[in-house]
Amino acid sequence: LHKVGTSIDLVVDASRAGPGLLTASASSPLTTLQLECKPTKAGQWSIPFKPTKPGRYSVHIQWSGHDIRDSPFSIPVIDPSLCRLAEVPAEAQVGEAVELKICTHQPVPAPLQIRVHNPDSSLLPSSQKLHSQ
């Protein structure tokens with residue numbers, strides 16, 4: 001899982017591919033990006049990718065116009081600043097379920113992870129389950 005604004009450095013080993021050119025692009029429902037492919041050392045290529053918008057990106061990497069193995073592949077990118085607690089319960093009882101409503105402002109491309117802490121700041125035991133809708 002990657003965050004908006006964080007650089008992702010993809011590395012391709014084309015040392016046994018023969019002569020050719022590496023190209024790459026990343027697309028999501030919101031944007032399509034042409035990615036720069038930089039040769040680094042004998043047959044190795046670096047593809048820096050710094051997504052500016054959240055979403056599930058489909059990354060296509062090609063060698064001389066042909067998809068490399070495992071291309072395309074998916075990279076989920078999130079923006080945690082877009083999530084907020086929509087409703088805070090006025091009170092809760094020990095041993096009873098509490099409903100939390102989270103507003104994400106848009107579909108989340110990966111499972112939402114929620115951590116709940118006890119009053120002493122310890123993490124709620126993993127044996128207690130959280131349910132989402």
Side-chain angles (χ1 to χ4, degrees):
L1 200 58
H2 301 278
K3 293 180 186 176
V4 166
T6 302
S7 186
I8 303 165
D9 194 28
L10 306 170
V11 177
V12 174
D13 179 358
S15 60
R16 296 182 298 174
L21 180 65
L22 191 72
T23 57
S25 65
S27 58
S28 77
L30 300 175
T31 188
T32 297
L33 306 168
Q34 293 304 313
L35 304 178
E36 181 181 8
C37 301
K38 302 176 188 177
T40 56
K41 57 184 177 182
Q44 302 287 313
W45 294 75
S46 172
I47 307 169
F49 172 41
K50 190 172 184 178
T52 58
K53 297 179 179 172
R56 184 169 295 281
Y57 286 81
S58 179
V59 177
H60 294 262
I61 302 175
Q62 295 187 326
W63 183 255
S64 295
H66 300 282
D67 285 335
I68 67 169
R69 187 178 58 216
D70 299 326
S71 176
F73 57 91
S74 181
I75 297 178
V77 176
I78 62 165
D79 185 347
S81 70
L82 296 178
C83 296
R84 66 175 177 80
L85 190 57
E87 292 181 21
V88 178
E91 60 182 51
Q93 299 294 322
V94 173
E96 290 185 14
V98 174
E99 182 176 293
L100 301 174
K101 292 187 180 181
I102 309 294
C103 180
T104 61
H105 300 285
Q106 59 187 305
V108 178
L112 187 61
Q113 185 179 58
I114 300 172
R115 284 180 264 198
V116 179
H117 293 265
N118 289 309
D120 67 359
S121 296
S122 64
L123 196 58
L124 190 71
S126 60
S127 61
Q128 296 184 19
K129 305 242 185 251
L130 297 175
H131 300 282
S132 63
Q133 292 180 335

Work out which heavy atom in [X] is nearest to a heavy atom in [Y]; give both atom names and the distance.
X	Y	value
Ser46	Pro48	O-CD, 3.6 Å
Ile61	Ser71	N-OG, 2.8 Å
Val77	Lys53	CG1-O, 3.9 Å
Cys37	Ile47	SG-CG1, 4.0 Å

Show the numbers, then the answer: is there a side chain to side chain contact (heavy atoms under 4.5 Å, CB included) between Ile68 and Gln62?
CA-CA 5 Å; Ile68 67 169; Gln62 295 187 326; 5.8 Å; no
Report all side-chain donor-acceptor pairs from residues 14-35 shorter than 3.5 Å, counting only partners two or more places apart or in another chain.
from  : atom 1 : to    : atom 2 : distance (Å)
Ser15 : OG     : Asp13 : OD1    : 2.7
Ser28 : OG     : Leu30 : N      : 3.1
Ser28 : OG     : Thr31 : N      : 3.3

Non-neighbouring partners of His60 that pass side chain to side chain donor-acceptor pair (under 3.5 Å), sequence neighbours left out:
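Partners of His60 by the side chain to side chain donor-acceptor pair (under 3.5 Å) criterion, ordered by chain and then number, come out as Ser58.
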Separation between [atom1] of [X] and [atom2] of [Y], rounded to the nearest 0.5 Å:
X	Y	atom1	atom2	result
Lys38	Asp9	NZ	CG	8.0 Å
Phe73	Tyr57	CZ	OH	13.5 Å
Lys50	Thr6	NZ	OG1	8.0 Å
Ser7	His2	OG	NE2	10.5 Å
Phe49	Ile75	CZ	CD1	5.5 Å

Does any part of the side chain of Val11, heavy atoms only, come nearer than 4.5 Å to the side chain of Gln44, both counted from C-beta?
yes
How far apart are the C-alpha atoms of Val4 and Ile78, what are their side-chain angles, what is the distance that settles it, and do they pass the side chain to side chain contact (heavy atoms under 4.5 Å, CB included) test?
CA-CA 6 Å; Val4 166; Ile78 62 165; over 6 Å; no
